[in-house]
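So the structure is just underneath, and the comments pick up after that.
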Amino acid sequence: LDDEIIAKNKENKKTATEKEAVKKKKKDDEKKASLEDSKKSKQIESYNRDYERGERNKDYEMKRAFNYYEKCVESIPDYMVENLKNMPNNKGYIWRDIHCYGELPPEKGQPITLFEKQRDLMIIHEWANKYYTVYHKLGKNGRKSIVSRTELNRNKFSSDSLANFMIKQK
């Protein structure tokens with residue numbers, strides 16, 4: 001009888017330890033899952049925080065740029081404002097990194113030309129069909145000389161070629 005009781009007791013202890021091991025494993029799995037969930041939620045929170053910070057930064061930069069624009073527009077010299085009224089839309093001035101274009105309709109077939117005055121030096125920016133060219137001109141009677149010429153990278157599809165492509169697809 002004692003042997004039976006001892007055997008049953010051992011058996012009960014085995015089942016109890018097995019049940020405890022299963023419970024412990026289940027708790028560990030739950031902890032791991034909750035840690036992974038918390039890591040994911042922390043990552044999501046940090047992403048959201050960074051996104052919001054970026055959006056606030058964009059707003060700040062936009063306000064700052066607009067304030068700079070307003071300040072520069074108020075400081076445009078009177079002779080430039082008068083000249084812009086008589087210039088075609090493909091000519092103009094660059095004043096403190098602000099591009100100002102003429103008010104008249106553009107001249108067809110002519111490149112976009114912007115003049116930038118820096119003390120005795122006149123910098124002329126010209127955008128033609130395929131090239132962006134920068135000229136320098138010293139004084140009023142000086143000759144303009146090419147400083148740099150770079151080829152413009154156009155999109156693979158212009159609006160005309162894209163329209164033709166769409167027509168062919170139909």
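These values consider heavy atoms only, across backbone and side chains, with no hydrogens, waters or symmetry-generated copies. Values in this document were obtained by computation on a predicted structure and should not be read as measured data.
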> Is there a side-chain contact (heavy atoms from CB on, under 4.5 Å) between E18 and V22 once you walk through the steps?
Replying inline: CA-CA 6 Å; E18 288 174 0; V22 169; 5.5 Å; no

>> Quick check: do L121 and H136 have side-chain heavy atoms less than 4.5 Å from each other?
In response: yes

>> Working to the nearest 0.5 angstrom, can you tell me the gap between N86 CG and K91 NZ?
In response: 12.5 Å

>> Whether K27 and E30 form a salt bridge (side-chain N of Lys/Arg under 4.0 Å from carboxylate O of Asp/Glu) is what I want to check.
In response: no

> Under the side-chain contact (heavy atoms from CB on, under 4.5 Å) criterion, do I146 and T133 qualify, and how do the steps go?
Replying inline: CA-CA 7 Å; I146 295 178; T133 311; 4.1 Å; yes

>> Please give me the minimum heavy-atom distance between E151 and Y131, naming the atom from each residue.
In response: CA-CD2, 3.9 Å

> Are the side chain of N90 and the backbone of E107 linked by a donor-acceptor contact shorter than 3.5 Å?
Replying inline: yes

> Should E116 and H125 count as side-chain neighbours, where that means a heavy-atom distance under 4.5 Å?
Replying inline: yes

> Quick one: do Y93 and M122 end up in the same hydrophobic cluster if we chain Ile, Leu, Val, Met, Phe, Trp and Tyr together by side-chain heavy atoms under 4.5 Å apart?
Replying inline: yes

>> Are W95 and M80 packed together at the side-chain level, in the sense that at least one heavy-atom pair is separated by less than 4.5 angstrom?
In response: yes

>> Check this for me: N9, atom CG, are more than 12 non-hydrogen atoms of other residues, nucleotides or ligands nearer than 6.0 Å?
In response: yes

> Taking a hydrophobic cluster as the set of Ile, Leu, Val, Met, Phe, Trp and Tyr residues connected by side-chain heavy atoms closer than 4.5 Å, whether directly or through intermediates, do M62 and Y60 fall within one such cluster?
Replying inline: no

> If Ile, Leu, Val, Met, Phe, Trp and Tyr residues are connected whenever their side-chain heavy atoms lie under 4.5 Å apart, and connections chain through other members, are I123 and L138 in the same group?
Replying inline: yes

> Stepwise, does the side-chain contact (heavy atoms from CB on, under 4.5 Å) test hold for L84 with M87?
Replying inline: CA-CA 5 Å; L84 285 171; M87 275 187 182; 4.2 Å; yes

> T113 and W127: side chain to side chain donor-acceptor pair (under 3.5 Å), yes or no, with the steps?
Replying inline: CA-CA 7 Å; T113 307; W127 288 268; over 6 Å; no

>> Other members of the hydrophobic cluster containing I6, with the 4.5 Å side-chain heavy-atom rule, please.
In response: none

>> For R53, is there an ion pair with D50 - N to carboxylate O distance below 4.0 angstrom?
In response: yes

> Which atom pair, heavy atoms only, marks the closest approach of A128 to P111?
Replying inline: CA-CB, 3.9 Å

>> I'd like to check E70 versus F66 (side-chain heavy atoms, cut-off strictly below 4.5 Å). Are they in contact?
In response: yes

>> Rounded to the nearest 0.5 Å, what separates atom CG in N48 from atom CD in E45?
In response: 8.0 Å

> Considering the options V73, L114, I76, which one meets the side-chain contact (heavy atoms from CB on, under 4.5 Å) requirement together with C100?
Replying inline: I76

>> What I want to find out is whether E61 reaches K58 closely enough, with some N-O distance under 4.0 Å, to be called a salt bridge.
In response: no

> Are any of the side-chain heavy atoms of R96 and K71 separated by less than 4.5 Å?
Replying inline: yes

> In this structure, are over 12 heavy atoms from other groups packed under 6.0 Å from N129 atom CG?
Replying inline: no

> Should Y132 and E126 be marked as a side-chain contact (heavy atoms from CB on, under 4.5 Å) after you check the CA-CA gap, both sets of side-chain angles, and the distance that decides it?
Replying inline: CA-CA 6 Å; Y132 165 66; E126 186 174 283; over 6 Å; no

> Are I98 and Y68 side-chain neighbours, meaning at least one heavy-atom pair lies under 4.5 Å?
Replying inline: yes

>> Tell me the closest heavy-atom pair linking P88 and P105, and the distance in Å.
In response: CB-O, 3.5 Å

> Is there a side-chain contact between I124 and V134 (heavy atoms, below 4.5 Å)?
Replying inline: no

> Say you draw a straight line from NZ of K31 to OG of S34; how long is it, rounded to the nearest 0.5 Å?
Replying inline: 8.5 Å

>> Counting C-beta onward and ignoring hydrogens, is there a side-chain heavy-atom pair between F115 and I94 closer than 4.5 Å?
In response: no

> Taking everything shown except Y47 itself, do over 12 heavy atoms lie less than 6.0 Å from its OH?
Replying inline: no

